[in-house]
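Structure record follows, encoded as structure tokens.
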2 protein chains.
Amino acid sequence: MSAADRREQILDVATGLFGDRGFHGTTTDQVAQAAGISQPYVVRMFGTKEKLFLEVLDRALGLLLHTFRRILESPAGDDDRPMQARLGSGYVDLLGTRGVHRTLLHAFVSGNDPVIGAAARRGFVDIYRFLRDEAKFTPAEVEVFLSQGMLFSVLLGIELPAAFGQDSDADELMQVAFADKCGVVLEMAGPGTAR
Amino acid sequence: MSAADRREQILDVATGLFGDRGFHGTTTDQVAQAAGISQPYVVRMFGTKEKLFLEVLDRALGLLLHTFRRILESPAGDDDRPMQARLGSGYVDLLGTRGVHRTLLHAFVSGNDPVIGAAARRGFVDIYRFLRDEAKFTPAEVEVFLSQGMLFSVLLGIELPAAFGQDSDADELMQVAFADKCGVVLEMAGPGTAR
DNA sequence: GGAGGTTGTAATCGGATGATTACTAATCGG
DNA sequence: CCGATTAGTAATCATCCGATTACAACCTCC
């Protein structure tokens with residue numbers, strides 16, 4: 001396999017693993033085994049585990065913004081909902097790429113780390129700038145959009161969809177938070193969607 | 001020092017440390033040094049690092065719910081704002097106890113862990129039940145309250161207040177997200193509030 | 001066909017880390 | 001004053017983990 005392809009493959013599996021267990025909770029050996037290669041190769045290809053995580057984070061942020069820009073620039077077609085709702089659906093659809101949401105969330109709780117924290121802040125502000133400058137959201141719209149997005153992410157973080165059916169109050173909470181997107185979320189992150 | 005007092009002291013410093021670096025990123029030795037005792041003593045007092053984290057998590061959740069209940073049951077007095085706003089202020093005031101918000105967030109991103117994840121889900125559903133059954137929030141009110149709370153927490157997670165003044169867009173984002181609470185947040189979590 | 005680059009591994013190192021054991025100094029009730 | 005409980009440590013263990021080094025197989029182009 002070419003180094004470039006291998007690189008992409010490692011970043012793919014690393015996104016899933018970092019999403020599951022975070023930076024400190026994931027070992028380079030787990031990444032290597034998931035990619036079917038040896039641990040030293042992972043380290044040599046990225047230099048350090050931290051650089052690997054930073055690349056994973058950058059890719060996740062890039063995918064997020066790319067998804068948003070595609071929606072923003074695509075013709076509305078038969079979708080007559082406001083842009084907030086359309087971008088929201090795009091955010092949910094990121095569930096299709098394993099680990100993206102949860103890797104981002106892991107980065108967002110690492111503000112204390114001098115390197116990862118700085119990258120996380122930069123990434124979050126980039127998203128803000130997109131909503132303000134490109135999507136032309138008003139401050140109030142930004143606040144609602146980001147708020148709902150973060151509740152969504154945290155509920156993914158605690159794996160509430162994966163525990164669906166075990167606690168009627170938890171199921172009700174999902175209904176309250178995800179509303180009409182509940183079905184989609186359960187399809188993509190519900191029980192049995194595991195790794 | 002009595003074992004009970006020592007226990008509380010360890011839980012206090014551990015809350016700060018776990019809030020800063022999470023479960024996997026914090027060592028029992030860091031906790032011990034912060035408490036001014038030896039590492040084996042920390043381990044023996046709590047059994048395992050995981051049990052220590054679970055106690056820290058329980059305490060944080062307990063403090064959160066206790067704060068909410070106190071506000072709910074206290075007379076409105078001169079505060080004529082709706083209960084959503086009053087509980088929101090209480091949530092912000094939890095910044096007064098170092099590490100509570102960020103420890104909770106770290107737990108909320110650990111849904112994958114069989115033990116910590118289960119505790120985190122239980123805790124989040126407990127909060128939901130409080131809002132529904134005790135605070136009598138409507139589903140829409142719950143959604144708004146939790147959404148804003150999670151955006152608030154994530155912005156704390158990336159240490160946006162601590163980086164205040166370094167990026168005008170970041171400062172603007174804080175204004176958009178925290179609004180009238182911006183001043184209080186900066187006082188309690190702004191630059192120079194460090195450990 | 002062989003020189004050189006590319007893809008990859010085996011072996012190993014050094015340090016960190018959670019946990020265990022065995023011990024000690026102080027405190028306290030009788 | 002003494003036996004026992006309590007608060008605490010020093011030393012050490014076994015393991016894990018990221019990183020380094022040295023080497024091997026393979027491809028490719030002249």
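Reminder, nothing fancy here: chain letters follow the sequence lines and each chain counts from 1.
If you measure from atom CD of B/Gln30 to atom C1' of C/dA16, you get 11 Å, rounded to the nearest angstrom. When the P atom of C/dG18 is taken as reference, atom CZ of B/Phe53 falls 14 Å away, rounded to whole Å. If you take CD of A/Gln33 and P of D/dC16, they are 12 Å apart, rounded to a whole angstrom. Per the geometry, CZ belonging to B/Phe46 stands 16 Å off P belonging to C/dT20, to the nearest Å. Here C/dA19 presents its C1' atom at 14 Å from CG of B/Leu52, a figure rounded to the nearest Å. Between B/Asp29 atom CG and D/dA10 atom P the separation is 12 Å, expressed in whole Å. In this structure, NZ of B/Lys49 is placed 11 Å from C1' of C/dA16, rounded to the nearest angstrom. Put simply, NE2 on B/His24 is 15 Å from P on D/dC16, counting in whole angstrom units.
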Enumerate the protein-to-nucleotides 3-8 of chain D contacts in which both atoms are nitrogen or oxygen and the separation is below 3.5 Å.
| unit_1 | atom_1 | unit_2 | atom_2 | d |
| --- | --- | --- | --- | --- |
| D/dA7 | OP1 | B/Ala3 | N | 2.9 |
| D/dA7 | O3' | B/Met1 | O | 3.4 |
| D/dG8 | OP1 | B/Arg6 | NH2 | 2.8 |
| D/dG8 | OP2 | B/Arg6 | NE | 3.4 |
| D/dG8 | OP2 | B/Tyr41 | OH | 3.0 |
| D/dG8 | N7 | B/Arg44 | NH2 | 2.7 |
| D/dG8 | O6 | B/Arg44 | NH1 | 3.1 |

Provide a list of protein-nucleic acid N or O atom pairs under 3.5 angstrom, restricted to nucleotides 24-28 of chain C.
none

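Applying the ring-ring contact (aromatic ring centres under 6.0 Å, His included) test to A/Phe53 and every residue at least two apart in sequence or in another chain returns A/Phe18, A/Phe23. With sequence neighbours left out, B/His24 forms a ring-ring contact (aromatic ring centres under 6.0 Å, His included) with no residue at all. For B/Phe46, there are no ring-ring contact (aromatic ring centres under 6.0 Å, His included) partners, not counting sequence neighbours. For B/Val144, the side-chain contact (heavy atoms from CB on, under 4.5 Å) partners two or more places apart in sequence, or in a different chain, are B/Gln84, B/Gln148.
Listed pair B/Thr28 / C/dT17 fails the phosphate criterion, with no side-chain N or O lying under 4.0 Å from OP1 or OP2.
Within the structure, salt bridge (charged side-chain N to carboxylate O under 4.0 Å, His left out) pairs that include any residue of residues 79-97 of chain B comprise B/Asp79-B/Arg81, B/Asp79-B/Arg86 (at least two apart or interchain). Sequence neighbours left out, the pairs with a member in residues 38-54 of chain B that pass side-chain hydrogen bond (donor to acceptor under 3.5 Å, both in side chains) are B/Thr28-B/Gln39.
If you check C/dG30 for Watson-Crick or wobble pairing at under 3.5 angstrom, you find it paired to D/dC1.
Checking D/dG18, D/dA11, C/dA10 against the side-chain heavy atoms of A/Pro40 singles out C/dA10 as nearest.
Comment: B/Arg98 does not engage B/Asp12 in a salt bridge, judged by the lack of any side-chain N to carboxylate O separation of less than 4.0 angstrom.
A salt bridge (Lys or Arg N to Asp or Glu O under 4.0 Å) with A/Asp169 is found for one member of B/Arg121, B/Arg129, B/Arg122 and no other, namely B/Arg129.
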Please tabulate, for side-chain N and O atoms in residues 60-71 of chain A, each donor-acceptor pair with protein atoms closer than 3.5 Å (sequence neighbours left out).
| unit_1 | atom_1 | unit_2 | atom_2 | d |
| --- | --- | --- | --- | --- |
| A/Thr67 | OG1 | A/Leu63 | O | 2.7 |
| A/Arg69 | NE | A/Glu134 | OE1 | 2.8 |
| A/Arg69 | NE | A/Glu134 | OE2 | 3.3 |
| A/Arg69 | NH2 | A/Glu134 | OE2 | 2.8 |

